[in-house]
Amino acid sequence: MKAIVLDSYGGPDVLDLRDVEQPAPGPGEVLVRVHATSVNPVDTKIRERGGRYGLEPPLILGYDVSGVIETIGDGVDELEVGDEVFYTPELNAHGAYAEYHVADASLVAFKPESLSHEEAAAIPLAACTAWQALIDRAGLQATETVLIHGGGGVGHFAVQIAFAAGAQVVVVGSAEMEDDLLDLGADEFVDYEEGGFEEAVDEISGGLGADVVFDTVGGSTLVESIPALAEYGRLVTIVGDAAGDFGQAYRKNAALYPMMMERGAAMLDRLALLVDNGQLRPLIDRTLPLDDVAEAHRLIEAGGLRGKIVLTL
């Protein structure tokens, strides 16, 4: 099969299209013919320095899949050959920049019928991250106020999930995303270059502050958001470099959740329901063929995208 293989860490040019042996499913696994995958920031980070993730070359990147089941391993009862599915693979050396991918059946969910494979491939990793941050960790409730930093891959799903949960949403993002994020359900948009999210939170919450702050940016963003946090508020970050003095958070009796996304079909089933109910949709900046993956990585690193980059096979 064709696959994009990384033999050493480095820039986008280390990504090499070649023929590799097609995998076979073991017990409890399925073989999926990949119709589309997408590029996430974690892909570029592993490409540059995968050792910090416990991965060593040679390896295949790619942690979103939409495709069709080709073969089923022993012990798989709920899935059949020909099923259209989507999922996010485990963060290992056997990713989805390839014509075929083997996955544990417990990770695999039925693709929303209302979406194409290209659209479905843009969802799993980013939307699962947003769901776990807001619903599973922060326990976001209707009528609460949430401040979301970053309106990109994870952030634009977070806006929609928070809106579906009945929360009031303030999102901080890039100016070119303003119309999209407001259309997806944000009540207030703040340009990150201009600032002013404290005032926006204060106005929308009636001076109570944000019940939840969700950080997809990193650095000092989370600490700088504490003045906008409500008493007993919850802080969630998916970025490992969150830095600064969290003393103010203690004074507000805040809860802090550093989070690594967990995988599973049950969460994707919930997201698929939102999709089919018209409450969740992916923004796709562009679609490229698999052999343009190096260009996709350059675009991710340059920033300024209005949605996900999807790779088709």
Side-chain angles (χ1 to χ4, degrees), residues 41 126-127 129-135 137-259 280 283 303-307:
T129 301
W131 177 281
Q132 284 189 20
L134 295 179
I135 306 303
R137 297 296 188 276
L140 184 66
Q141 301 292 317
T143 75
E144 290 192 317
T145 299
V146 58
L147 170 62
I148 299 168
H149 285 284
V154 173
H156 88 279
F157 287 120
V159 167
Q160 295 175 81
I161 291 167
F163 178 74
Q168 301 180 105
V169 183
V170 177
V171 61
V172 182
S174 56
E176 60 265 28
M177 291 288 293
E178 179 175 2
D179 291 341
D180 292 315
L181 294 169
L182 291 171
D183 183 56
L184 292 174
D187 295 282
E188 295 286 345
F189 171 84
V190 178
D191 186 335
Y192 79 95
E193 292 186 329
E194 296 181 359
F197 63 80
E198 287 184 53
E199 291 82 355
V201 168
D202 188 66
E203 180 176 350
I204 201 172
S205 68
L208 296 176
D211 301 283
V212 174
V213 175
F214 179 31
D215 169 33
T216 73
V217 177
S220 61
T221 300
L222 206 58
V223 163
E224 292 171 357
S225 301
I226 295 173
L229 186 69
E231 294 289 330
Y232 302 100
R234 290 93 75 196
L235 301 159
V236 187
T237 181
I238 59 170
V239 187
D241 68 347
D245 181 1
F246 285 87
Q248 295 180 73
Y250 287 101
R251 288 190 285 275
K252 290 193 173 185
N253 284 300
L256 173 62
Y257 298 97
M259 194 200 89
L280 188 78
L283 291 180
L305 299 174
R306 293 180 59 190

Does the side-chain contact (heavy atoms from CB on, under 4.5 Å) test come out yes or no for Phe214 and Ile238, once each step is laid out?
CA-CA 8 Å; Phe214 179 31; Ile238 59 170; 3.7 Å; yes
Take Ser225 and His149, measure what side chain to side chain donor-acceptor pair (under 3.5 Å) needs, and give me the verdict at the end.
CA-CA 9 Å; Ser225 301; His149 285 284; 2.7 Å; yes
Chi angles and distances behind the side-chain contact (heavy atoms from CB on, under 4.5 Å) call for Val146, Asp211:
CA-CA 6 Å; Val146 58; Asp211 301 283; over 6 Å; no
If you apply the rule side-chain contact (heavy atoms from CB on, under 4.5 Å), what do you find for Met259 with Thr129, and how did you get there?
CA-CA 9 Å; Met259 194 200 89; Thr129 301; 3.9 Å; yes
Yes or no on side-chain contact (heavy atoms from CB on, under 4.5 Å) for Arg306 and Asp180, after CA distance, side-chain angles and deciding distance?
CA-CA 8 Å; Arg306 293 180 59 190; Asp180 292 315; 2.8 Å; yes
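Here the rule is side chain to side chain contact (heavy atoms under 4.5 Å, CB included) with Leu235, and of Val213, Leu147, Val212 only Val213 fits it. Only one option out of Leu305, Leu283, Val171 pairs with Met177 in a side chain to side chain contact (heavy atoms under 4.5 Å, CB included); it is Leu283. Partner Val159 forms a side chain to side chain contact (heavy atoms under 4.5 Å, CB included) with one of Asp187, Val170, Val169 and no other, that one being Val169.
More than 12 heavy-atom neighbours from other residues, nucleotides or ligands sit within 6.0 angstrom of CZ on Phe246.
Considering all non-hydrogen atoms of both residues, Thr145 and Ser205 come closest at OG1-CB, 3.7 Å. Between Ala167 and Leu140 the shortest heavy-atom distance is CB-CD2, 3.8 Å. Closest heavy-atom contact between Asp191 and Ala175: OD2-CB, 3.5 Å. Here the closest heavy-atom approach between residue Gly173 and residue Phe189 is recorded as O-CZ, 3.5 Å. Taking each heavy atom of Val154 and Thr216 in turn, the nearest pair found is CG1-CG2, 4.1 Å. Looking at every heavy atom in both residues, Leu256 comes nearest to Pro258 through O-CD, 3.6 Å.
Between the side chain of Gln141 and the backbone N or O of Gly139 there is at least one donor-acceptor pair closer than 3.5 Å. Under a 3.5 Å cut-off, the side chain of Gln160 and the backbone N or O of His156 do form a donor-acceptor pair. A distance-only check finds a donor-acceptor pair linking the side chain of Lys252 to the backbone of Leu229 [under 3.5 Å].
Here Thr143 contributes atom OG1 and Gln168 contributes atom CD; the two are 7.5 Å apart, rounded to the nearest 0.5 Å. Here the CG atom belonging to Leu181 is positioned 10.0 Å from the CD atom belonging to Glu176, to the nearest 0.5 angstrom. Atom OH of residue Tyr232 and atom CG of residue Asn253 lie 4.5 Å apart, to the nearest 0.5 angstrom.
The shortest side-chain heavy-atom distance between Phe163 and Leu184 does not fall under the 4.5 Å cut-off. Proximity of Ile148 to Val172: side-chain heavy atoms (C-beta onward) are nowhere separated by under 4.5 Å. Val217 is not listed as a side-chain neighbour of Val239, based on a closest heavy-atom distance of 4.5 Å or more.
Residue pairs satisfying the salt bridge (Lys or Arg N to Asp or Glu O under 4.0 Å) criterion with at least one member in residues 222-234, sequence neighbours excluded, are listed as follows: Glu144-Arg234.
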